[in-house]
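Every number for a ligand or one of its atoms is a count from 1 in the order of the listing. Just so it is clear, the model here is predicted, and its values are computed rather than measured.
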Amino acid sequence: MMIELAKINKYYQQGTNRFHVLHDISINIAQGELVAIIGESGSGKSTLINIIGFLDEDFSGTYFYQGRAIHELSRKQFSRLRNRNVGFVFQNFKLLREQTVAENVALPLLYAGKRRKEINERVHEVLDQVGLGDYADQFPKNMSGGQQQRVSIARAIATNPQFLIADEPTGALDTETSQEIMDLFKHLNRDEGTTVIMVTHDPHVAAQCERVVKIIDGRIVSDSKGGMLNADS
Ligand SMILES: Nc1ncnc2c1ncn2[C@@H]1O[C@H](COP(=O)(O)OP(=O)(O)OP(=O)(O)O)[C@@H](O)[C@H]1O
Ligand SMILES: [Mg+2]
């Protein structure tokens, strides 16, 4: 099993108050899955995927990743694990608007210590893959939301991560563009075997995922496979 979380609890401390945000979350995710995480605002979706994506190591419970006990790692091992295994896609793209598309996509490869030639090849490869082969020298600030999200997906897959974490990746896009981005995620999942874990508010997006996990008040209340989902659930 790729991702195995058992009895995860998460608290946020604010002054003297301690908020219990995740309650005994247990979930397994296998390589190759396309998982949607749904739930109301404040239910703990981002908190959960930040733990899954090795952005947050401050939790109780156990997390085994490819059989490895993540909850026991040092901070340094933890960030190395993140850099090597996870790609992130966010609602607001988080691109460097004054840098070219190619420079944005090259960033994680630079961090990974790749050589210039290898970086250039890989940048063009992933830009082709997301349909932006001709946009390498453009600037994100001159591009549409859908195009910017494609750039951020290219950046996320550049290092060939084991899985992608996407937090409301279509949240800032119109219906048609959302579908284009969703088609891209489905392509990466089906044809490239990329594991995708996606938070979404959009029932239409969730319905296209083979597995839908619903969270209410920090608890998993349903976990259904098969892509069937009522629009109101
Ligand atoms: N850094 C933080 N410090 C304190 N409380 C936090 C922090 N981050 C999140 N919370 C609280 O934890 C709860 C869950 O937040 P989280 O961001 O995971 O929700 P969410 O389901 O992603 O919501 P949304 O759909 O609005 O993005 C909320 O009550 C939120 O206020
Ligand atoms: Mg959130």
As a test of understanding, state which of Ile153, Ile181, Leu188 forms a side chain to side chain contact (heavy atoms under 4.5 Å, CB included) with Val130. Ile153
Is there at least one pair of N or O atoms, one from Val21 and one from ligand 1, spaced under 3.5 Å apart? no
Right, does atom 13 (C) of ligand 1 have protein non-hydrogen atoms nearer than 4.0 Å? yes
What protein heavy atom lies closest to atom 17 (O) of ligand 1? Include the residue and the distance to one decimal. Ser46 CB, 3.8 Å
Tell me which protein heavy atom sits closest to atom 18 (O) of ligand 1, plus the residue, atom name and distance to 0.1 Å. Thr47 OG1, 2.5 Å
Atom indices of ligand 1 within 4.0 angstrom of Glu40 heavy atoms, with elements: 21 (O)
For ligand 1, which atoms have a heavy atom of His201 less than 4.0 angstrom away? 25 (O)
Give me the nearest non-hydrogen protein atom to atom 25 (O) of ligand 1 as residue plus atom name, then the distance to 0.1 Å. Lys45 NZ, 2.7 Å
Where is the nearest protein heavy atom to atom 19 (O) of ligand 1: which residue, which atom, and how far? Gly44 N, 3.4 Å
In this structure, atom 9 (C) of ligand 1 is nearest to the protein heavy atom Tyr12 CE1, 3.3 Å
Please compare Gly171, Gly42, Gly39 and report which has the shortest non-hydrogen distance to atom 23 (O) of ligand 1. Gly42
Is there a side-chain contact between Ile3 and Tyr63, using heavy atoms and a 4.5 Å cut-off? yes
What one should report as the nearest heavy-atom pair of Arg211 and Lys225 is CD-CE, 3.7 Å
Among all protein heavy atoms, pick the one closest to atom 26 (O) of ligand 1 and tell me residue, atom and distance. Ser41 OG, 2.5 Å
So, is Ser46 placed with an N/O/S atom under 2.8 Å from the Mg ion (ligand 2), counting both backbone and side chain? yes
Do you know which of Ile216, Val213, Val212 makes side chain to side chain contact (heavy atoms under 4.5 Å, CB included) with Ile38? Val212
Tell me whether Ser43 has any N or O atom under 3.5 angstrom from an N or O of ligand 1. yes
Please tell me if the side chains of Phe139 and Thr100 come closer than 4.5 Å, counting only heavy atoms from C-beta onward. yes
Got His201 and Lys45 here, is their nearest side-chain heavy-atom distance under 4.5 Å? yes
Evaluate the side-chain proximity of Lys94 to Ser152: yes if any heavy-atom separation is below 4.5 Å, no if none is. no
Minimum heavy-atom separation for Phe88 and Ala156, please, with both atom names. O-CB, 3.5 Å
Are the side chains of Asp128 and Glu125 in touch, meaning some heavy atoms are under 4.5 Å apart? no
